[in-house]
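All remarks here apply to the structure that follows.
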Amino acid sequence: MQDKEIDILITVPEFKKNEDLVQYRVQFQNLKSLQTFENHYRYSELKRFHETLETLKVDLPAFPGSYWWKSVNSNIQLIQQRQQLLDSYFKNLTQIKLVRESLIYKNFILVAQKESDKKAQKENKEKAKIPENKVKRKRKLEQFGQFITPMPNPVNLPPTPEDRKERSQSVEHKPVNSMQRNERKKASKQQQSPVLNFGGSKIFRGILSNAAKQ
(Lines give C-alpha, C1' and ligand atoms only; values in the text may rest on other atoms or scores of the structure.)
Protein backbone atom coordinates (compact mmCIF):
# COMPACT_ATOMS: atom_id res chain seq x y z
CA MET A 1 0.00 0.00 0.00
CA GLN A 2 1.51 3.30 -1.08
CA ASP A 3 0.64 6.96 -0.61
CA LYS A 4 2.27 10.35 -1.06
CA GLU A 5 2.16 11.55 2.57
CA ILE A 6 5.83 11.12 3.37
CA ASP A 7 7.19 12.79 6.52
CA ILE A 8 10.81 11.69 6.24
CA LEU A 9 12.73 11.11 3.05
CA ILE A 10 15.51 8.51 3.25
CA THR A 11 18.29 8.45 0.67
CA VAL A 12 21.70 6.79 0.28
CA PRO A 13 23.80 9.44 -1.51
CA GLU A 14 27.25 7.92 -1.08
CA PHE A 15 29.51 5.41 0.64
CA LYS A 16 32.94 5.33 2.25
CA LYS A 17 35.53 2.58 2.00
CA ASN A 18 38.31 1.84 4.46
CA GLU A 19 40.28 -1.20 3.28
CA ASP A 20 37.74 -4.08 3.44
CA LEU A 21 35.15 -2.10 5.41
CA VAL A 22 32.43 -0.35 3.41
CA GLN A 23 29.79 1.86 5.00
CA TYR A 24 26.84 3.52 3.27
CA ARG A 25 25.74 6.99 4.30
CA VAL A 26 22.00 6.98 4.91
CA GLN A 27 20.52 10.49 5.03
CA PHE A 28 17.23 11.33 6.73
CA GLN A 29 15.37 14.53 5.85
CA ASN A 30 12.24 15.68 7.64
CA LEU A 31 10.13 17.28 4.94
CA LYS A 32 8.09 19.30 7.45
CA SER A 33 10.83 20.75 9.67
CA LEU A 34 13.55 20.47 6.98
CA GLN A 35 15.81 18.89 9.61
CA THR A 36 18.49 16.64 8.18
CA PHE A 37 20.64 14.02 9.92
CA GLU A 38 22.59 10.98 8.81
CA ASN A 39 24.17 7.76 9.91
CA HIS A 40 26.53 5.19 8.41
CA TYR A 41 25.61 1.52 8.03
CA ARG A 42 27.22 -1.61 6.73
CA TYR A 43 25.38 -3.68 4.16
CA SER A 44 24.72 -6.43 6.71
CA GLU A 45 23.07 -3.96 9.10
CA LEU A 46 20.69 -2.68 6.43
CA LYS A 47 19.90 -6.22 5.36
CA ARG A 48 19.01 -7.09 8.96
CA PHE A 49 16.66 -4.09 9.04
CA HIS A 50 14.95 -5.35 5.87
CA GLU A 51 14.58 -8.84 7.33
CA THR A 52 12.95 -7.34 10.41
CA LEU A 53 10.46 -5.47 8.20
CA GLU A 54 9.50 -8.74 6.53
CA THR A 55 7.72 -9.74 9.76
CA LEU A 56 5.09 -7.08 8.95
CA LYS A 57 3.71 -9.27 6.14
CA VAL A 58 3.77 -6.31 3.73
CA ASP A 59 4.91 -6.20 0.12
CA LEU A 60 8.36 -4.66 0.38
CA PRO A 61 10.62 -3.41 -2.39
CA ALA A 62 13.40 -5.74 -3.45
CA PHE A 63 16.50 -5.48 -1.28
CA PRO A 64 19.87 -5.51 -3.11
CA GLY A 65 21.26 -9.02 -3.11
CA SER A 66 24.76 -10.33 -2.44
CA TYR A 67 27.08 -12.50 -4.54
CA TRP A 68 28.37 -15.72 -3.04
CA TRP A 69 30.99 -16.18 -5.77
CA LYS A 70 32.61 -12.72 -5.48
CA SER A 71 33.24 -10.01 -2.93
CA VAL A 72 31.46 -6.70 -3.48
CA ASN A 73 33.69 -4.76 -1.07
CA SER A 74 36.76 -5.38 -3.22
CA ASN A 75 35.17 -3.94 -6.36
CA ILE A 76 34.41 -0.22 -6.53
CA GLN A 77 31.94 -0.63 -9.40
CA LEU A 78 29.92 -3.21 -7.46
CA ILE A 79 29.95 -0.95 -4.39
CA GLN A 80 28.59 1.95 -6.43
CA GLN A 81 25.94 -0.29 -7.93
CA ARG A 82 24.88 -1.48 -4.47
CA GLN A 83 24.76 2.12 -3.20
CA GLN A 84 22.41 3.09 -6.04
CA LEU A 85 20.18 0.07 -5.40
CA LEU A 86 20.00 0.90 -1.69
CA ASP A 87 19.05 4.47 -2.53
CA SER A 88 16.21 3.24 -4.73
CA TYR A 89 15.15 0.73 -2.08
CA PHE A 90 14.68 3.37 0.66
CA LYS A 91 12.87 5.78 -1.67
CA ASN A 92 10.33 3.08 -2.42
CA LEU A 93 10.18 1.94 1.20
CA THR A 94 9.18 5.35 2.55
CA GLN A 95 6.12 5.35 0.27
CA ILE A 96 4.55 2.40 2.08
CA LYS A 97 2.23 3.70 4.79
CA LEU A 98 2.16 0.50 6.87
CA VAL A 99 5.96 0.55 7.01
CA ARG A 100 6.09 4.18 8.10
CA GLU A 101 3.55 3.52 10.87
CA SER A 102 5.42 0.47 12.18
CA LEU A 103 7.52 0.57 15.32
CA ILE A 104 10.38 -1.08 13.44
CA TYR A 105 10.61 1.81 10.99
CA LYS A 106 10.17 4.52 13.66
CA ASN A 107 12.79 2.91 15.91
CA PHE A 108 15.21 2.73 12.96
CA ILE A 109 14.86 6.50 12.42
CA LEU A 110 15.04 7.29 16.15
CA VAL A 111 18.27 5.35 16.65
CA ALA A 112 19.80 7.01 13.59
CA GLN A 113 18.94 10.45 14.96
CA LYS A 114 20.46 9.66 18.38
CA GLU A 115 23.67 8.40 16.79
CA SER A 116 23.85 11.52 14.64
CA ASP A 117 23.38 13.76 17.71
CA LYS A 118 26.13 11.92 19.61
CA LYS A 119 28.52 12.36 16.71
CA ALA A 120 27.70 16.07 16.44
CA GLN A 121 28.25 16.59 20.19
CA LYS A 122 31.60 14.81 20.02
CA GLU A 123 32.73 16.98 17.11
CA ASN A 124 31.66 20.15 18.95
CA LYS A 125 33.64 19.12 22.04
CA GLU A 126 36.74 18.50 19.96
CA LYS A 127 36.36 21.90 18.31
CA ALA A 128 35.93 23.56 21.72
CA LYS A 129 39.16 21.99 22.99
CA ILE A 130 41.24 23.79 20.35
CA PRO A 131 40.72 27.38 21.67
CA GLU A 132 41.06 26.11 25.27
CA ASN A 133 44.48 24.69 24.47
CA LYS A 134 45.49 27.99 22.87
CA VAL A 135 44.43 29.91 25.99
CA LYS A 136 46.36 27.53 28.27
CA ARG A 137 49.47 27.83 26.10
CA LYS A 138 49.20 31.63 26.18
CA ARG A 139 48.90 31.64 29.98
CA LYS A 140 52.01 29.47 30.32
CA LEU A 141 53.95 31.84 28.11
CA GLU A 142 52.83 34.77 30.23
CA GLN A 143 53.82 32.99 33.48
CA PHE A 144 57.24 31.81 32.30
CA GLY A 145 57.93 34.56 29.78
CA GLN A 146 60.67 36.02 31.97
CA PHE A 147 62.63 32.78 31.64
CA ILE A 148 61.97 32.39 27.95
CA THR A 149 62.98 35.93 26.96
CA PRO A 150 66.73 35.92 26.15
CA MET A 151 68.88 38.33 28.15
CA PRO A 152 71.34 40.61 26.31
CA ASN A 153 74.94 39.46 26.26
CA PRO A 154 77.07 41.95 28.25
CA VAL A 155 80.22 40.87 26.38
CA ASN A 156 78.93 42.35 23.18
CA LEU A 157 78.12 45.69 24.80
CA PRO A 158 80.69 48.54 24.70
CA PRO A 159 82.43 49.22 28.03
CA THR A 160 81.09 52.03 30.16
CA PRO A 161 83.30 54.78 31.67
CA GLU A 162 83.05 53.04 35.06
CA ASP A 163 84.30 49.77 33.51
CA ARG A 164 87.27 51.60 31.97
CA LYS A 165 88.12 53.18 35.33
CA GLU A 166 88.02 49.83 37.16
CA ARG A 167 90.21 48.16 34.53
CA SER A 168 92.77 50.99 34.64
CA GLN A 169 92.94 50.75 38.45
CA SER A 170 93.44 46.98 38.33
CA VAL A 171 96.47 47.23 36.00
CA GLU A 172 97.92 50.46 37.49
CA HIS A 173 101.71 50.20 38.20
CA LYS A 174 102.75 51.04 41.72
CA PRO A 175 106.46 52.03 42.19
CA VAL A 176 108.55 49.99 44.65
CA ASN A 177 111.39 51.66 46.58
CA SER A 178 114.89 50.16 46.95
CA MET A 179 114.33 48.96 50.55
CA GLN A 180 111.30 46.90 49.57
CA ARG A 181 113.18 45.49 46.61
CA ASN A 182 116.11 44.36 48.82
CA GLU A 183 113.76 42.69 51.32
CA ARG A 184 112.08 40.73 48.53
CA LYS A 185 115.44 39.54 47.14
CA LYS A 186 116.58 38.49 50.62
CA ALA A 187 113.37 36.52 51.23
CA SER A 188 113.70 34.73 47.90
CA LYS A 189 117.34 33.79 48.61
CA GLN A 190 116.42 32.33 51.98
CA GLN A 191 113.75 30.16 50.36
CA GLN A 192 116.12 28.89 47.66
CA SER A 193 119.28 28.47 49.88
CA PRO A 194 120.27 24.81 50.53
CA VAL A 195 121.88 25.74 53.90
CA LEU A 196 119.96 25.25 57.14
CA ASN A 197 120.89 26.39 60.66
CA PHE A 198 120.60 23.40 62.99
CA GLY A 199 121.85 23.75 66.63
CA GLY A 200 124.02 26.73 65.75
CA SER A 201 125.72 24.78 62.89
CA LYS A 202 125.11 25.29 59.20
CA ILE A 203 124.22 22.08 57.35
CA PHE A 204 123.04 21.36 53.88
CA ARG A 205 119.54 20.17 52.97
CA GLY A 206 120.97 17.19 51.14
CA ILE A 207 122.55 15.79 54.35
CA LEU A 208 119.21 15.82 56.20
CA SER A 209 117.47 14.16 53.33
CA ASN A 210 120.12 11.40 53.12
CA ALA A 211 119.90 10.85 56.87
CA ALA A 212 116.14 10.56 56.68
CA LYS A 213 116.40 7.94 53.93
CA GLN A 214 118.86 5.84 56.00
Side-chain angles (χ1 to χ4, degrees), residues 1-140:
M1 181 177 179
Q2 297 182 0
D3 62 12
K4 300 300 181 180
E5 297 178 0
I6 303 174
D7 294 335
I8 294 180
L9 180 65
I10 303 177
T11 57
V12 185
E14 61 181 6
F15 66 89
K16 65 178 182 178
K17 187 178 186 303
N18 183 11
E19 295 182 354
D20 294 335
L21 177 63
V22 178
Q23 289 183 317
Y24 299 89
R25 183 167 69 90
V26 180
Q27 189 176 56
F28 303 82
Q29 183 180 8
N30 192 319
L31 299 180
K32 293 183 179 180
S33 63
L34 300 180
Q35 180 186 7
T36 302
F37 57 93
E38 63 184 35
N39 198 14
H40 291 82
Y41 299 91
R42 299 178 63 178
Y43 170 80
S44 58
E45 295 173 330
L46 297 176
K47 184 178 181 181
R48 193 179 305 117
F49 167 67
H50 174 76
E51 292 173 349
T52 308
L53 289 174
E54 289 180 336
T55 61
L56 299 175
K57 305 301 180 182
V58 181
D59 291 335
L60 300 174
F63 189 80
S66 57
Y67 306 95
W68 61 268
W69 67 90
K70 58 183 175 181
S71 174
V72 175
N73 292 349
S74 60
N75 191 320
I76 296 296
Q77 293 181 352
L78 293 177
I79 297 174
Q80 291 176 347
Q81 181 182 2
R82 176 174 284 179
Q83 172 255 318
Q84 294 172 359
L85 293 174
L86 287 171
D87 182 70
S88 178
Y89 166 80
F90 276 103
K91 287 179 179 178
N92 294 327
L93 186 68
T94 54
Q95 295 180 4
I96 304 175
K97 184 177 180 180
L98 293 178
V99 172
R100 297 199 312 268
E101 293 177 348
S102 66
L103 294 177
I104 299 172
Y105 178 82
K106 292 179 180 179
N107 186 63
F108 176 73
I109 296 176
L110 181 62
V111 172
Q113 187 173 10
K114 288 183 178 180
E115 291 295 328
S116 179
D117 292 342
K118 287 182 181 179
K119 184 179 179 181
Q121 291 176 1
K122 184 178 180 180
E123 291 178 353
N124 292 334
K125 287 182 179 179
E126 291 178 354
K127 290 179 180 179
K129 288 181 181 179
I130 297 175
E132 290 180 0
N133 293 335
K134 289 184 179 180
V135 172
K136 291 180 180 179
R137 192 179 297 111
K138 185 178 180 181
R139 290 177 179 174
K140 287 183 179 180

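Keep in mind that this is a model prediction, so the values were computed, not measured.
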Checklist outcome for this item: Phe37 and Ser116 have their tightest heavy-atom pair at CB-OG, 3.5 Å
Item to check | Separation between CD1 of Ile104 and CD1 of Ile109, rounded to the nearest 0.5 Å | outcome: 12.5 Å
Checklist entry - Do the non-hydrogen side-chain atoms of Leu53 and Val58 ever get within less than 4.5 Å of each other? => result no
Checklist entry - More than 12 heavy atoms of other residues, nucleotides or ligands under 6.0 Å from NZ of Lys17: is that the case? => result yes
Item to check | Pairwise distance OG(Ser66) to CG(Asn73) - rounded to 0.5 angstrom | outcome: 11.0 Å
Next on the checklist: Quick check for you: to the nearest 0.5 Å, what is the distance between Asp7 atom CG and Ser33 atom OG?
Outcome noted: 9.5 Å
Item to check | Atom pair CZ (Arg100) and CG (Leu93), whose distance is rounded to the nearest 0.5 Å | outcome: 9.5 Å
Item to check | Geometric class of the Tyr43/Phe63 ring pair [parallel <30°, tilted 30-60°, perpendicular >60°] | outcome: tilted
Next on the checklist: A side-chain contact here means heavy atoms from C-beta on lying under 4.5 Å apart; do Ile96 and Pro61 qualify?
Outcome noted: yes
Checklist entry - How close do Ile8 and Tyr105 get, heavy atom to heavy atom, and via which atoms? => result O-OH, 3.9 Å
Checklist entry - Going by heavy atoms in the side chains, are Pro64 and Leu86 under 4.5 Å from each other? => result yes
Checklist entry - Just wondering, more than 12 heavy atoms not from Glu19 lying within 6.0 Å of its CD? => result no
Item to check | Within the 6.0 Å centroid threshold, strictly below: Phe108 and Tyr41 | outcome: yes
Next on the checklist: Could you report the tightest heavy-atom contact between Val12 and Phe90, atom names first, then the distance?
Outcome noted: CG2-CD1, 3.8 Å
Checklist entry - Can you find a pair of side-chain heavy atoms, one from Phe15 and one from Arg82, that are under 4.5 Å apart? => result no
Item to check | CG-CG distance between Leu103 and Leu56, expressed to the nearest 0.5 angstrom | outcome: 9.5 Å
Next on the checklist: Quick check against the 3.5 Å criterion: does Ser88 have a side-chain atom that pairs as donor or acceptor with the backbone of Leu85?
Outcome noted: no
Next on the checklist: Is there a side-chain contact between Gln81 and Val72 in this structure, where contact means two heavy atoms from C-beta onward sitting under 4.5 Å apart?
Outcome noted: no
Checklist entry - Between CD of Glu14 and CG of Asp87, what distance do you get to the nearest 0.5 Å? => result 11.5 Å
Next on the checklist: Could you check whether atom CG of Asn124 has more than 12 heavy atoms from other residues, nucleotides or ligands sitting under 6.0 Å from it?
Outcome noted: yes
